[in-house]
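Report on the following structure.
None of the values given here were measured: they were computed from a predicted structure.
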Amino acid sequence: MRIRTLLVIIGTIVILPGLIAAGLAIEQVRQQERAASLRVLTETVRATALLVDGEVQRSVGALEALGNSEHLQSGNLHAFYEQAKAINQPSDVWTLLLDESGRQVLNTALPFGTPAPPPRAAARVRQVLATGLLLASDVIRGPATGKLLTTLYLPAKAAGADHRYVVAQAFSVDHWKRTALRPQGRGDWVVAVIDRQGNFISRSHRADDLVGQPARPELVTAAGASFDGLIRHQTIEGIESYDAFTHSRWTGWTIAVAAPVSAIETPATQSIAWLVGGLLIAMGAGAAAATFVGRKFIQSIEAVSLAAQALACGKVPVFQRGFLRELNRLGDELTEAGQVLRHEKASRQMAEAQREQLLSSERAAREAAESMNASKDSFLALLGHELRNPLAAISGATAVLRMKGCQPDRFDHFLSIIDRQNRHLAYIVNDLLDVSRMLSGKLELKRQQLDLAQVVHGCLNALETTEQAQGYELVVRAETAWVEGDLVRLEQVVNNLVGNALKHSPAGTRVNVTVSTRADHAVLEVTDVGTGMGAQLLPTIFDPFVQGPPLAGRMAAGLGIGLSLVRQLVTLHGGQIVATSRGEGCGSEFVVTLPLFKTTNTLGGGY
């Protein structure tokens, strides 16, 4: 490593904690500034809700006074009209009296005695009379004035038993904009009042276009799920904003204040800019000082380095003295000690290399021995299991045959058992001999021209008559594919692959065998839907004594040498075999590719 690099690393180690602390401080400042801005937003929406509730409370007080009016009790509606009109101080607020059918008895927005419009508030009037509680409407269009408005309904207590009235006060949507939707000094903030159906009652921006229209669905959904909260979304104008909301405790309306994200983040950004600027200035000054001192130090170090390089090359070093006394002393001593150190280093490196080589050799030998020992134990266990079963059957059948009184019709049955188990033993021994021949290089192929499709058909026709294939569906799709190979060995390949598929497939399933040609190769594919292979098993499936997991309820069978033997035989034929599986329980596919026999004569030497 160069001295300059080392100095940079040291400087980085020194500066890095400061940078991390500064970054954390900057992030903390940003979070605090952002939290402060969001608190202001939340307080604004709460203050706006209080303004709305204050207006509602004043209206409720006026309605309660009118509901207890002696003029209403005496039936002097004209005097009641004058009293109600005197209460309506703003021009955008008026009072109504409705009977129990919802018909307007009087409306201060119209001259006394004006015919009432058709009733539209019958359902709200019935609800108020039934509950005796205050009811605030959603945004509606007044039948008498034609204006968009909201109305507060309260049952009149002064009415007699013969008449049941509801007093109501209607507020033009402009009233809420004038009284509540005024964020102090925040021209880019949007304040809105939304009714229980999600429609705007009033809005500080674009009120003429949006009053009575639905608000953003994400805001309506959030307000429906919580009494108050804060979300980040795009306003109707498409501005990314933080939107704080709460509800009026008197009316259930949603009051929302939206502030652009840029307005919330700006104070934090400005604070971060000042902090980052100061940090960069400090780092720049420190870097300049470190560069100056480091350059002097590096010059002295390089002088010593040149002396050491000259010493390593067998030359007398010419050391240029600098301002560092320790380095000057080091340069003087390099001449005397350099040669000794060089030889000592070389000797140590040689010893280390030899030790590492010995350790590696010992480790490799130990691992190989352990692997061979494990393979040996596994093989002997499998071989003992495979030999014990047929020998036990032969022994049992022989014992029965030796018994006196054995019925003649059972004699052939036990002979067939002995014959079948004897063939199984011969199959095991032949596989072991084939593996031994291949390992010793004594296996030879008797090559001839063969149609791989006919080889497959012959093997499967013979296999279908055996007990192993009973209960399975063997599907063959084979096209002519001429190869040069050993008939017996190719039949051995096909039988091993198909037998392996049957062994690892549930009864009643299908095994597909396909022969095709691709470019200059014949392709044999054997596919099943059996136990499949996991990612750990696939790379070793062709190693000797390796077997896939048995089907549930079945014992493991075979010595684990069939697929190893198949790969060796395919390789001897100049081909290759590949195994694939989508995982355990997803079946397997084995694909064998062999070179096509390149000749125009497809008749001689055929199978």
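Test L134, V128, L135 against L154 for side-chain contact (heavy atoms from CB on, under 4.5 Å) and you get one pass: L134. The residue from V193, V191, D53 that alone fulfils the side-chain contact (heavy atoms from CB on, under 4.5 Å) condition with T48 is V191. Only one option out of T108, T95, L106 pairs with K85 in a side-chain contact (heavy atoms from CB on, under 4.5 Å); it is T108.
A distance of 8.0 Å separates CD1 in I201 from CH2 in W176, rounded to the nearest 0.5 Å.
Judged purely by atom type and a 3.5 angstrom limit, Y242 has no side-chain atom pairing as donor or acceptor with the backbone of S37. Under a 3.5 Å cut-off, the side chain of T246 and the backbone N or O of R46 do not form any donor-acceptor pair. Between the S241 side chain and the V261 main chain, no donor and acceptor come within less than 3.5 Å of each other. In this structure, the side chain of S74 engages the main chain of H71 through a donor-acceptor pair within 3.5 Å. With hydrogens and angles ignored, the 3.5 Å screen pairs a side-chain donor or acceptor of R216 with a backbone N or O of Q234. Using a distance-only test at 3.5 Å, with no hydrogens or angles considered, a donor-acceptor pair links the side chain of S172 to the main chain of D174.
Within a 6.0 Å sphere centred on CZ of R232, other residues, nucleotides and ligands contribute more than 12 heavy atoms. Other residues, nucleotides and ligands contribute more than 12 heavy atoms inside 6.0 Å of the CD atom of E218.
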TODO: Take T150 and W253 through the side-chain hydrogen bond (donor to acceptor under 3.5 Å, both in side chains) test and state the conclusion after the steps.
DONE: CA-CA 11 Å; T150 57; W253 299 335; over 6 Å; no
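Using bins of under 30°, 30° to 60° and over 60° for the plane-to-plane angle, the ring pair F245/H247 lands in the perpendicular bin.
With 3.5 Å as the limit, one finds a donor-acceptor pair spanning the side chains of D99 and S101.
Among residue pairs with one or both ends in residues 132-148, those qualifying as salt bridge (Lys or Arg N to Asp or Glu O under 4.0 Å) are D138-R196; sequence neighbours excluded.
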